[in-house]
Amino acid sequence: MKKILVIEDEKNLSRFIELELQYEGYEIGVAFNGREGLELALEKEWDVILLDLMLPGLNGLEVCRRIRQSKQTPILMITARDSVMDRVSGLDSGADDYIVKPFAIEELLARLRAVFRRSNQEIEGSKLTTFHFRDLIVEKESRIVKSKGVSIDLTKREYDLLLTFLENQNIVLTREALLNKVWGYETEVETNVVDVYVRYLRNKIDETPTDSYIETVRGTGYVMRS
């Protein structure tokens, strides 16, 4: 049975989610503030965490960052905010996806299924793989990225984006293709978020702005050419 932690301070919404997910056969844990939610998230093992952005005690972004310091549990951010930067902030803090209030339970269930599919694919496809690209060395399973022997600290989304480029070398990837591969087919993130994360990634892995690992293909997307 899949175990889901719901961290949501709106008790009516939290109860609604709890009852609906229990009906679907999930085991549910509930917390109503950020500190309690963080404690439960770190103490127990969960298959996914539903995390509200606006929480008393600790806000959702801080809870997400602290969870990511020690665990890679999939996190689905619940937010009433729908601006690009709010979504980017949530994803950049380590969330795997987000859902905007108000939402239908069918949408929540679809997003949970997508999270579980991605997790299963990662497990089933797991094998020792190391990528060498110019000065970059990426150890896929350990998620280690190095340049000239120096470790590079990437967020989960930045790492997934880099890995997608490495697994598709010499293939021009459109923004839509990158969105589907990195964020998932059911995400509502807009394509300009891809540009934001490419910029984040370039800032961390490129030695100079004029000699980027990731080439922009004007009017189409991006490519890493070997």
Side-chain angles (χ1 to χ4, degrees), residues 48-55 59-69 72-104 107-108 110-119 121-122 136 138 140 143 145 152-169 171-206 209 212-225:
V48 70
I49 297 171
L50 301 182
L51 176 61
D52 187 32
L53 180 63
M54 302 298 292
L55 290 168
N59 66 47
L61 294 179
E62 184 60 27
V63 172
C64 188
R65 291 189 189 101
R66 295 193 187 187
I67 292 172
R68 280 290 170 261
Q69 289 175 1
Q72 293 301 314
T73 308
I75 296 174
L76 179 60
M77 191 77 78
I78 302 173
T79 175
R81 300 177 176 182
D82 196 25
S83 75
V84 170
M85 290 316 299
D86 286 327
R87 283 174 280 173
V88 168
S89 296
L91 295 169
D92 199 32
S93 68
D96 295 87
D97 201 355
Y98 77 97
I99 187 169
V100 177
K101 300 177 186 177
F103 54 82
E107 180 184 3
L108 176 59
R111 291 185 180 276
L112 287 172
R113 289 193 295 270
V115 169
F116 293 139
R117 280 199 302 272
R118 290 196 293 271
S119 297
Q121 288 168 359
E122 288 176 4
L136 284 179
V138 177
K140 181 177 179 179
R143 305 179 77 86
V145 180
I152 300 174
D153 185 23
L154 300 181
T155 67
K156 181 180 185 299
R157 196 70 61 179
E158 291 164 352
Y159 175 83
D160 290 344
L161 183 59
L162 175 59
L163 189 62
T164 298
F165 281 124
L166 290 171
E167 290 178 334
N168 295 273
Q169 291 180 43
I171 299 174
V172 176
L173 299 170
T174 65
R175 291 169 178 82
E176 290 78 9
L178 288 167
L179 207 58
N180 291 335
K181 290 176 180 294
V182 178
W183 280 264
Y185 285 95
E186 294 172 353
T187 188
E188 294 180 2
V189 175
E190 297 172 5
T191 54
N192 58 352
V193 172
V194 173
D195 300 323
V196 173
Y197 274 86
V198 168
R199 185 170 70 250
Y200 289 164
L201 187 55
R202 281 172 167 165
N203 288 339
K204 291 186 177 182
I205 66 174
D206 290 349
S212 179
Y213 286 99
I214 304 168
E215 177 185 334
T216 300
V217 180
R218 191 175 299 277
T220 304
Y222 301 95
V223 63
M224 289 183 80
R225 299 190 192 277

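Values reported hereafter were calculated over all heavy atoms of this structure, with side chains retained and with hydrogens, waters and symmetry mates removed. Predicted model, so just to flag it, every value in this text is computed and none were measured.
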For the [atom1] atom of [X] and the [atom2] atom of [Y], what is their distance to the nearest 0.5 Å?
X: L76; Y: L50; atom1: CG; atom2: CG; value: 5.5 Å
X: T79; Y: K101; atom1: OG1; atom2: NZ; value: 7.5 Å
X: Y213; Y: K204; atom1: OH; atom2: NZ; value: 15.5 Å
X: L163; Y: K181; atom1: CG; atom2: NZ; value: 11.0 Å
X: L179; Y: L173; atom1: CG; atom2: CG; value: 12.0 Å
X: L201; Y: R199; atom1: CG; atom2: CZ; value: 12.0 Å

State, to 0.1 Å, how close [X] and [Y] come at their nearest heavy-atom pair, and which atoms those are.
X: Y98; Y: V100; result: CE1-CG2, 3.3 Å
X: C64; Y: G94; result: SG-C, 3.6 Å
X: L61; Y: M77; result: CD2-CE, 4.1 Å
X: L178; Y: V194; result: CD1-CG1, 3.7 Å
X: R68; Y: T73; result: NH2-O, 2.8 Å
X: R225; Y: V172; result: NH2-CG2, 4.2 Å

Strictly distance-based, threshold 3.5 Å: is any side-chain N or O of [X] a donor or acceptor partner for the main-chain N or O of [Y]?
X: D52; Y: L55; value: no
X: Y200; Y: D195; value: no
X: R113; Y: L108; value: no

Notebook entry, point to check: Sequence neighbours excluded, which residues qualify as side chain to side chain contact (heavy atoms under 4.5 Å, CB included) partners of R202?
Noted result: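 Once residues adjacent in sequence are excluded, the partners of R202 under the side chain to side chain contact (heavy atoms under 4.5 Å, CB included) criterion are V198, D206, S212, I214, T216, Y222.
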Could you check if a side-chain atom of [X] sits within less than 4.5 angstrom of a side-chain atom of [Y], using non-hydrogen atoms only?
X: I171; Y: V223; answer: no
X: V138; Y: L166; answer: yes
X: W183; Y: Y197; answer: yes
X: V48; Y: I75; answer: no
X: E215; Y: M224; answer: no
X: L112; Y: F116; answer: yes
X: N59; Y: L53; answer: no

Next item on the list: Could you walk me through whether I205 and I152 pass side chain to side chain contact (heavy atoms under 4.5 Å, CB included), step by step?
Entry: CA-CA 7 Å; I205 66 174; I152 300 174; 4.1 Å; yes
Notebook entry, point to check: When you look at L162 and V145, which way does the side chain to side chain contact (heavy atoms under 4.5 Å, CB included) test go after all the steps?
Noted result: CA-CA 10 Å; L162 175 59; V145 180; 4.0 Å; yes
Notebook entry, point to check: Checking side chain to side chain contact (heavy atoms under 4.5 Å, CB included) for the pair R143/L154: CA distance, chi angles, key distance, verdict?
Noted result: CA-CA 9 Å; R143 305 179 77 86; L154 300 181; over 6 Å; no
Margin query: Tell me whether the count of non-hydrogen atoms from other residues, nucleotides or ligands lying under 6.0 Å of CG in N203 goes above 12.
Written below: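 Result for CG/N203: enclosed.
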Next item on the list: Dump the intermediate steps for side chain to side chain contact (heavy atoms under 4.5 Å, CB included) on L161 and F165, then the final yes or no.
Entry: CA-CA 6 Å; L161 183 59; F165 281 124; 3.8 Å; yes
Note to self: My understanding is that only one of K156, R117, R111 makes a salt bridge (Lys or Arg N to Asp or Glu O under 4.0 Å) with D96; could you say which?
What the structure shows: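 The option that passes is K156.
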Note to self: Can you list everything that forms a salt bridge (Lys or Arg N to Asp or Glu O under 4.0 Å) with E176? Sequence neighbours excluded, please.
What the structure shows: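 If we apply the salt bridge (Lys or Arg N to Asp or Glu O under 4.0 Å) test to E176, skipping adjacent residues, there are no hits.
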